[in-house]
A.B. asks: 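Below: one structure in structure tokens.
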There are 2 protein chains.
Amino acid sequence: MAGHENGEADQHARENTVSGSPHSYVHGRSDSEFMRLHDQAAGLGSLLHEGTRYPPGSTVLEAGCGVGAQTLLLATNSPQAQFVSVDISPESLARAEELISGKGITNVTFRQADIGNLPFGTGTFDHVFVCFTLEHIPDPLSALGKLKTVLRPGGTITAIEGDHGTAVFSPDTPAAHHVIDCLVELQRQAGGNALIGRELEHLLLEAGFADVTVSPRQVYASSAITGSSEAVKSIFIAMIEGIREQVIAAGLANPEIWDRGIRDLHRTTEPGGMFCYTFFKAIGREKGAGS
Amino acid sequence: MAGHENGEADQHARENTVSGSPHSYVHGRSDSEFMRLHDQAAGLGSLLHEGTRYPPGSTVLEAGCGVGAQTLLLATNSPQAQFVSVDISPESLARAEELISGKGITNVTFRQADIGNLPFGTGTFDHVFVCFTLEHIPDPLSALGKLKTVLRPGGTITAIEGDHGTAVFSPDTPAAHHVIDCLVELQRQAGGNALIGRELEHLLLEAGFADVTVSPRQVYASSAITGSSEAVKSIFIAMIEGIREQVIAAGLANPEIWDRGIRDLHRTTEPGGMFCYTFFKAIGREKGAGS
């Protein structure tokens, strides 16, 4: 299965481009990745979406909706807002559309689009929402600039990203850090940045947004907190496990060291262990030309 | 001044022992360190002490009160509890006593004591509070065991520690990480553990405490948040700056690389920069022999 995921990722690396640069979704687009993304969204939904409610009648662009994991939360939390959810991958869009229509949700329109070349006019949207997307884009600052142009003066952007450098765990072993570092490096080689959470504040500022605020959203998981260690397994560790073949093919780790690191990560979910991770949620405002 | 601090730390390393092991307070005991500790306690007081209120008439042991920075908050927040604050350093105790009596606070008794050899009988205290102390102790598990014996059945322990591995910042440079790593290594050589926050859960469990819960307390600092970057300078960066001479003497960094790292850390407090850090607050209960 991991080999299948790897093959899909390679295929997408060849097919997709963002602003002319090669684009690979490092985690692949397999069924297991689909399940992982939905586990992630469901488990972290209240943590990440707290405070994100859009007024009735407002129009919101979701940039990089993927398989619709965040779309489901957005549309449910703001049932009277109108969402336009775009993604570069037709395959992901089809899954997202199936998910949303299957839930009987009617306030989302899907559209295939490249963030670097959006098919919308200046000031089209009241708000923009972008989650776990900037981390995969070679030039996130340019992407933010494009998103800014489709936002009306006074509108807001909400950007949510993780940062694998915030992962702190016990037992703490070099092998466990190594497998995380392998994902960071693989994502870097694919043009992304798995450490982008810490950069959100200056990226939004440099893109010209006003009133930029960032709130960290931290998860502490241990066997003392019901379900938390299971979430670490199904979200974070599954994400790392999913890139095994790519990492080995890229020469970033040998199988023995890799498997030891994965085993060590699993130990952080056992009694006495802990795993801590921080997401960053940034909000900025399009101040408009006149202000 | 840094040289003076270094000399003091060396002197204490020779004079003090904890459970027979050499004990050095890695940050020294200078006037500037006294000010830094009080800035830290004042700035982080509400974050770290939230939820820590002791009932009227209860007796609380503060283990490792240092110069009284946390004592002031403890005694003020729980004015009808009775505190016994101990420290291994007579010099620190004198400063703590001066601080507390100067504030007209009367519910604290100070006593010179080694956590490894406490002059209190079994079950003396209703609660134990220990903050920024376990990180400097060569055998924190043994220390927790000693603290457990002086706690009555049903009593609680509250342990608060930082973890320098949680420091995430932008701009993110190798030199800035290097100076933090130097402190971690220096503290390790002195018998401590600057990454102990992540270990609190299993340490309390292994020491035999029941109902162990840990809550992370995260700080996000940037120029967008009034006063936060100043706090990073006066608390965290000042702490790193204070060990310059020790680090260079120990051969952990050369002056040029050190100064570059410090300069880079200061850049995280400038507009567009950010600095994030997590403290861990653990609570456990002495379940008693019968339960």
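Per chain, numbering begins at 1; letters A, B, ... match sequence-line order.
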A.B. asks: Do B/Gln189 and B/Leu252 make a side-chain contact, defined as non-hydrogen atoms from C-beta onward lying under 4.5 Å apart?
C.D. replies: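 The answer is yes, as the side chains (C-beta and beyond) meet within the 4.5 Å cut-off.
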A.B. asks: Counting only non-hydrogen atoms closer than 4.5 Å, can you tell me which residues of residues 208-216 of chain A sit against chain B?
C.D. replies: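 Against chain B, the residues of residues 208-216 of chain A that fall inside the cut-off (heavy atoms, under 4.5 Å) are A/Val212, A/Val214, A/Pro216.
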A.B. asks: Taking C-beta and beyond as the side chain, do B/Arg217 and B/Glu50 meet within less than 4.5 Å on heavy atoms?
C.D. replies: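 Heavy-atom side-chain distance check passes, below 4.5 Å.
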A.B. asks: Between A/His164 and A/Asp181, is there a side-chain donor-acceptor contact under 3.5 Å, judged purely by atom types and distance?
C.D. replies: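 No, because no side-chain N or O of A/Asp181 sits under 3.5 Å from a partner of the opposite role on A/His164.
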A.B. asks: Under 4.0 Å between a Lys/Arg side-chain N and an Asp/Glu carboxylate O for B/Glu270 and B/Arg267?
C.D. replies: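 Here B/Glu270 does not pair with B/Arg267 in a salt bridge, since their nearest N and O are not under 4.0 Å apart.
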A.B. asks: Out of A/Leu203, A/Leu205, A/Thr166, which one racks up the most heavy-atom pairs below 4.5 Å with chain B?
C.D. replies: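 Most pairs with chain B among the choices: A/Thr166.
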A.B. asks: One pair to check against salt bridge (charged side-chain N to carboxylate O under 4.0 Å, His left out): A/Glu230 and A/Lys233. What are the steps and the verdict?
C.D. replies: CA-CA 5 Å; A/Glu230 289 308 313; A/Lys233 284 186 204 176; 3.6 Å; yes
A.B. asks: When you compare the side chain of A/Gln218 with that of A/Cys276, does any pair of heavy atoms fall below 4.5 Å?
C.D. replies: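 With C-beta onward as the side chain, the pair touches.
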A.B. asks: Which bit of A/Phe280 is near chain B, if near means a heavy-atom gap under 4.5 Å: side chain, backbone, both or neither?
C.D. replies: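 Contact with chain B is through the side chain of A/Phe280 alone.
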A.B. asks: Between A/His49 and A/Phe129, is a ring pair (Phe, Tyr, Trp, His ring centres under 6.0 Å) present by the stated rule, with each step listed?
C.D. replies: CA-CA 11 Å; A/His49 284 260; A/Phe129 179 90; 5.4 Å; yes
